[in-house]
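Since the structure comes first, as C-alpha cells, the remarks are kept for the end.
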Amino acid sequence: MTKSLSQANFAIETEHTSNEGIDKLFSYTFKIDSRHPIDFFTYNQPAFTGRRFFWKSSDQSSWIVGIGVSHVFYGKNTNERFSEIQEQWETLINDAEIENPYEIPGTGPLLFGGFSFDPESKKEKEWQSYGNSLFYLPKYMLTANDEQYYLTINFMDQSASSKGMLLDEAFQFVNQLENWKVTSSDTPINIKDSDEIGKDEWVHTVKDIVKDLTETDLQKVVFARKMKLRFADQASSSYVLQQLIDQQPTSFIFAMEAEESCFLGASPERLVKKTGDHVLSTCLAGSMGRSKNVDKDNELGNFLLKDKKNLFEHELVVSMIENALKPYCVEMNIPEKPILMKTPDIQHLYTPVSGKTKPESSIFQIVKDLHPTPALGGVPTNAAMKVIREKENMDRGFYAAPLGWADYRGNGEFIVAIRSGILKEKEAVLFAGCGLVPGSVPKDELVETGIKFLPMLRALRGEKE
Ligand SMILES: C=C(O[C@@H]1C=C(C(=O)O)C=C[C@H]1O)C(=O)O
Ligand SMILES: [Mg+2]
C-alpha cells in the first residue's frame, strides 16, 4: 500500500455531530497497491456475499467493486423512482464528510444499482429481492482506474461517535485486506439441464406482433424471451464473472447481488456516461451473427451495414436518443451513419451520440428520459410497452434496464443490462430480446435471440470461443 491509513492526509477533526436521527456519511478515499478486482470481490465472502457489486467498463479503463453495504436506496414503483433515488442521494451527500483528494471519477461516495425495466409489469419470484429500483452505497469500494487503485470506505454513523473510531475500523480492514491470500479459483459449473421457456409460443407471438406492425401505427417492439438452467451445485458468481471478463473483453461486465440472488452479465450497450459536462450515449440496434471465417464475417458485417430492416431498427434508436439528450446539451455530435460493433458472438450497428451538457444536468434525469430507448422497448414507447407487458409473459426485472453508478461529483455511467442472467442457488434464468419491425422474420429473430444467450451460456460452461 502506498500510504498507510494513519499517515493518510486525514484531518481528524473534533467529535462530529450528526442531525438527530439522520445517518451521517463519513467517507474516506486513499490509494492502495494494485489489487485484482475479482480478488477484492471475493474477499471475506461469508461477511459480504449478498451485498456486493462488480463493474468493468467496456474499454477496461475503469473497474468498481463494492463489498458490504452502508446504505440501501429504494425508489417507489412509479416513474418517479429516478428522481427519488437522486433526491435521497443528494440529501445524503449534502450532509456528508468526505475525504477524497483524488479527482478520479468513481472514487469517493458512489451509488451503484439499477432500475426494473417496467414497474407496471407482472412480478415473478426470481426478481423479488430487486424490486423496481435498488441502489447501494458500498461499505468498502475498490476503484481501479487506468491501473491506479483507490479504496473508499463509507461509514453511516448515527451516533455521535468519534471519527477516530471509524478510521480505526478502516485501518483494520486495510490491514486485513493487505494480508489476505486469494483462495484458489472456482471450479466450472456443471449444467444439468436447460429449457428455452415457451420457445414455440414465442415464435407464434412474434408472427402476431409483426402482423400488427404492418397494420397499426406500431413501428417497433423489442420482444424478449428467457431460458432456465439448472446446475448440479450452487453456481459461483465470481467464476462466471471471471469467465465473462476473459471471454467478452469489449463489453461492460457487471454483477449486483441482492440477498441470495446475483444478477450479472456482459453488456455491449452503454445507455449513458457522464463525466463532468461531457455526455455519451451509444445506440446499439440491428444485429448479425459472426463467422470464424474472416471473409464470411466481413460479408455478414457489410450486409448488416446496408440492410434496410436493421438500419430502420437502428435509426429509431438514434433519433430517440438525440431527442432525449437535446434538452440537456449545449452542443451534440451524431455521426451520419452507423459503424459495426463486433463482440465474439454477434455484431451490431453502432452510433455514438455525444454532447456537452448544460450545468445542473443530472445523470438520473438523463437516465429517466432515455429509458426505455427503442433498442429495448419500441416505438411508440407506450404502445410498445403495452405489447411487451401483455404478450411477453415474463418479468424482465432488471434485464434490459438501466444499471450502473453515480458518484458524489455528478459523474456516472449506466448500461442497459442485456446479455445477462440471474443466478440463485442451483438455478439461473437468462434473458434475450430482439427488435421487431415490419419485415422481421420470426425464425431469424429466434436465431438472433439464441445468439444473445451465448455470452452467459459460454461463461457458465467455462467455454472459450
Ligand atoms: C434486447 C437485446 O439486444 C438489443 C436488441 C438488438 C437488436 O434487436 O438488434 C441489438 C442490441 C440491443 O440493443 C438483448 O440482447 O437482449
Ligand atoms: Mg435485431
Side-chain angles (χ1 to χ4, degrees), residues 58 117-118 196 202 206 209-210 213 219-227 244 248 250-252 254 263-272 281-290 300-301 303-305 307-318 320-321 338-353 370-379 384-385 388 392 394 396-403 414-422 429-457:
S58 56
F117 180 79
D118 178 5
E196 293 184 50
W202 186 87
V206 166
I209 294 171
V210 172
L213 286 163
Q219 289 186 284
K220 177 176 181 179
V221 175
V222 178
F223 204 55
R225 63 192 181 98
K226 68 185 187 182
M227 179 179 197
L244 289 171
Q248 304 290 339
T250 59
S251 288
F252 290 87
F254 64 91
F263 176 51
L264 74 176
S267 176
E269 188 161 352
R270 172 192 291 107
L271 184 66
V272 63
S281 180
T282 49
C283 313
L284 206 68
S287 306
M288 181 58 67
R290 300 285 317 266
L300 290 168
F303 173 83
L304 180 58
L305 285 167
D307 178 56
K308 283 200 174 64
K309 180 258 183 189
N310 281 287
L311 285 167
F312 177 67
E313 203 177 318
H314 185 81
E315 180 45 38
L316 290 175
V317 180
V318 176
M320 183 269 182
I321 288 179
I339 56 173
L340 290 177
M341 173 198 269
K342 292 183 182 254
T343 66
D345 305 288
I346 191 167
Q347 50 193 320
H348 296 298
L349 296 176
Y350 169 86
T351 301
V353 174
L370 283 171
H371 178 71
T373 75
L376 294 309
V379 177
M385 292 293 276
I388 293 166
E392 208 167 64
M394 73 177 188
R396 287 194 181 187
F398 277 31
Y399 157 72
L403 180 126
F414 281 79
I415 55 169
V416 283
I418 56 177
R419 316 292 144 92
S420 56
I422 185 165
V429 180
L430 312 186
F431 301 88
C434 57
L436 304 180
V437 293
S440 281
V441 176
K443 68 174 176 47
D444 293 349
E445 305 295 352
L446 182 69
V447 168
E448 182 174 313
T449 46
I451 293 171
K452 290 169 176 178
F453 284 129
L454 287 178
M456 281 298 293
L457 268 180

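The structure displayed is predicted, hence computed values, not measured ones. Counting starts at 1 for both ligands and their atoms, in listed order. Atom set for the values below is all heavy atoms of this structure, side chains included, hydrogens, waters and symmetry mates excluded.
- Between Gln248 and Asp345 the shortest side-chain heavy-atom distance falls below 4.5 Å.
- Between Ser267 and Ile415 the shortest heavy-atom distance is CB-CD1, 3.9 Å.
- At a 3.5 angstrom cut-off on N or O pairs, Asn310 does not count as close to ligand 1.
- Side-chain rings of His314 and Tyr350 stay apart, their centers remaining 6.0 Å or farther from each other.
- With distances taken over non-hydrogen atoms, the option nearest atom 5 (C) of ligand 1 out of Glu313, Lys452, Gln347 is Lys452.
- The two atoms that bring Leu311 and Leu304 nearest to each other are CG-O, 4.4 Å, heavy atoms only.
- Not a single donor-acceptor pair under 3.5 Å links the side chain of Glu313 to the backbone N or O of Ala285.
- In this structure, Thr250 and Ser58 have side chains that are not in contact, with every pair of non-hydrogen atoms separated by 4.5 Å or more.
- For ligand 1 and Leu376, the ligand atoms under 4.0 Å from any heavy atom of the residue are 1 (C).
- Checking each of Glu445, Glu448, Gln347 against Ser287 for a side chain to side chain contact (heavy atoms under 4.5 Å, CB included) leaves exactly one that passes, namely Glu448.
- Those atoms of ligand 1 with a heavy atom of Ala432 less than 4.0 angstrom away are 16 (O).
- The closest approach between His314 and ligand 1 stays at or above 4.0 Å for every heavy atom of the residue.
- Between the side chain of Thr282 and the backbone N or O of Arg270, at least one donor-acceptor pair lies under 3.5 Å.
- Side-chain atoms of Ile418 and Pro268, non-hydrogen and from C-beta on, do get closer than 4.5 Å to each other.
- Taking distance alone, with nitrogen or oxygen atoms compared against 3.5 Å, Cys434 stays at or beyond that limit from ligand 1.
- Closest to the Mg ion (ligand 2) among the N, O or S atoms of Glu313 is OE2.
- Every atom of ligand 1 is numbered from 1 in the order shown, and the set under 4.0 Å from a heavy atom of Glu448 is 7 (C), 8 (O), 9 (O).
- Of all protein heavy atoms, the one closest to atom 10 (C) of ligand 1 is Ser287 OG, 3.3 Å.
- Side-chain contact between Thr449 and Glu196: absent, with no pair of heavy atoms (C-beta onward) separated by less than 4.5 Å.
- Nearest heavy atom pair, residue Cys434 against residue Lys452, reads CA-NZ, 3.9 Å.
- Looking at Lys220, Arg396, Arg419 and measuring to atom 11 (C) of ligand 1, the nearest heavy atom belongs to Arg419.
- Atoms of ligand 1 lying under 4.0 Å from at least one heavy atom of Glu269, given by number and element, are 11 (C), 12 (C), 13 (O).
- Nearest to the Mg ion (ligand 2), among the N, O or S atoms that Glu448 has, is OE2.
- Short contacts between ligand 1 and Tyr399, defined as distances under 4.0 Å to a heavy atom of the residue, involve ligand atoms 1 (C), 2 (C), 14 (C), 16 (O).
- Screening Phe223, Tyr399, Phe263 against Phe431 for a ring pair (Phe, Tyr, Trp, His ring centres under 6.0 Å) leaves a single residue, Tyr399.
- Within the 4.0 Å heavy-atom cutoff, Ala400 does not count among the residues contacting ligand 1.
- Ligand 1 lies nowhere less than 4.0 angstrom from a heavy atom belonging to Ala224.
- Judged by distance alone, the side chain of Trp202 and the main-chain N or O of Glu392 form no donor-acceptor pair under 3.5 Å.
- With a heavy-atom cut-off of 4.0 Å, Val416 does not touch ligand 1 at all.
- Residue, atom and distance of the protein heavy atom nearest to atom 2 (C) of ligand 1 are Gly433 O, 3.4 Å.
- Using a 4.0 Å cut-off to heavy atoms of Ala375, the atoms of ligand 1 that qualify are 4 (C), 5 (C), 13 (O).
- Ligand 1 has an N or O atom lying under 3.5 Å from an N or O atom of Leu284, backbone or side chain.
- For a threshold of 3.5 Å applied to N or O pairs, the pair formed by Gly286 and ligand 1 contains at least one separation below that value.
- Of all atoms in ligand 1, numbered sequentially from 1 with element shown, those under 4.0 Å from a heavy atom of His348 are 10 (C), 11 (C).
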